[in-house]
Amino acid sequence: MQPTSQVNQRIARLAAHLNPPNLQTEETSGLMRENCRAKGGSPGFKVGILGAAGGIGQPLAMLMKMNPLVSVLHLYDVVNSPGVTADISHMDTGAVVRGFLGQQQLEDALTGMDLVIIPAGVPRKPGMTRDDLFNINAGIVKTLCEGIAKCCPKAIVNLISNPVNSTVPIAAEVFKKAGTYDPNRLLGVTMLDVVRANTFVAEVLGLDPREVDVPVVGGHAGVTILPLLSQVKPPCSFTPKEIDFLTDRIQNGGTEVVEAKAGTGSATLSMAYAAVKFADACLRGLRGDANIVECAYVASQVTELPFFASKVRLGRYGVEEIYPLGPLNEYERAGLEKAKKELAGSIQKGVTFIRK
């Protein structure tokens, strides 16, 4: 027979993912947070998802549970996170899942995280512009980033909440106010634009999308999304008509999905896939893997704007190098000027929201 105390510990360990111990009282509970893990759990990183019960958050949480680099997965939302947590925690992969519900548990959700992914916010509906989302999502991002500044200021932050062109500057201003701002650790996720570009270009070329690499620079909305089709790998050439078609489809891929879903949602599944692809790159960088290069919207000196999406090299401290745009053709130079004009206003809008 096993001693009662051992049995109780094992039962508590089983229940820990559903009912995380309070950080203030766990010292006396006899069950330390780091021991609330099944035996044989994988070593890895602690990842928090803020907005885990939403349309992007749920598939994102499921895919992160499958990632072997994740050891602990914290799922936070203001509604429905216990159900999502219970569901995902039954998957037989190494990551231990814990759920957190409501503003009062935000700090517990964030404490100790290495990477925080933020898909929280309202989705775009038919007829809605990304600017229509601004007032709601700006306030959500502000609150969440205040929590990050307090509880895990050294975490890498992957920001998905739209409009990314404005929410990344909002996050930066919040971190500056808190005295924790590190531009290398704040990344706007524009990976979906790259994923779409790779897919659409592969369709035209008759290739496997996994063999195609299209740099997409600028921002993450409409004309600010600038695919550099002159720099596609493997090298190829397009007719002017193909360039117009591909550029337009990549820029309006989000609208394509919103309209196809006819009022029932926006791009959630492809966004979750793209977010996990980018998060995995960040985790491999944190692990110390070499030559991890992806496009992201970051504090940048590539142009005169304070934020810009371009290729970056990821490492142990987030962004370790930002690459120049490389040679642009005439079409891309004209697109860049349009993108910068639109981006400047979006960036200022985010900064003003915090400073007003």
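These figures come from a predicted structure and were not determined experimentally.
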**Asked** Going by the angle between their ring planes, with limits at 30° and 60°, are Phe134 and Phe353 parallel, tilted or perpendicular?
**Response** perpendicular
Side-chain donor-acceptor distances from residues 267-283 under 3.5 Å, at least two apart:
| residue | atom | partner | partner atom | Å |
| --- | --- | --- | --- | --- |
| Thr268 | OG1 | Lys261 | NZ | 3.3 |
| Asp280 | OD1 | Asn67 | ND2 | 2.9 |
| Asp280 | OD2 | Arg284 | NE | 2.8 |

**Prompt:** Stepwise, does the side chain to side chain contact (heavy atoms under 4.5 Å, CB included) test hold for Ile118 with Asn158?
**Reply:** CA-CA 6 Å; Ile118 310 180; Asn158 286 180; over 6 Å; no
**Prompt:** When hydrophobic residues are tied together by side-chain contacts of less than 4.5 Å, even through go-betweens, does Met91 share a cluster with Phe45?
**Reply:** yes
**Request:** Verify the neighbour count for atom CD of Glu146: are there more than 12 heavy atoms of other residues, nucleotides or ligands below 6.0 Å?
**Result:** yes
**Glu173 bridged to Lys176 by N-O distance under 4.0 Å** = yes
**Asked** More than 12 heavy atoms of other residues, nucleotides or ligands under 6.0 Å from CD of Gln104: is that the case?
**Response** yes
**Message:** Heavy-atom count check: over 12 atoms from other residues, nucleotides or ligands less than 6.0 Å from Tyr323 OH?
**Reply:** yes
**Item:** Atom NZ of Lys349: over 12 foreign heavy atoms under 6.0 Å
**Value:** yes
**Prompt:** Do Val204 and Val216 belong together in a cluster built from hydrophobic side chains that touch within less than 4.5 Å?
**Reply:** yes
**Item:** side chain to side chain contact (heavy atoms under 4.5 Å, CB included) partner of Val217, the single match among Asp193, Leu228, Thr190, Val194
**Value:** Leu228
**Prompt:** Taking only residues at least two apart or on different chains, which pairs with a member in residues 291-307 satisfy side-chain hydrogen bond (donor to acceptor under 3.5 Å, both in side chains)?
**Reply:** Glu304-Lys340
**Asked** Measuring from Leu205:CG to Leu246:CG, what's the distance to the nearest 0.5 Å?
**Response** 8.0 Å
**Lys154 side, atom NZ; Asp114 side, atom CG - distance, nearest 0.5 Å** = 13.0 Å
**Prompt:** With no hydrogens and no angle check, do the side chains of Asp108 and Tyr76 hold a donor and an acceptor under 3.5 Å apart?
**Reply:** no
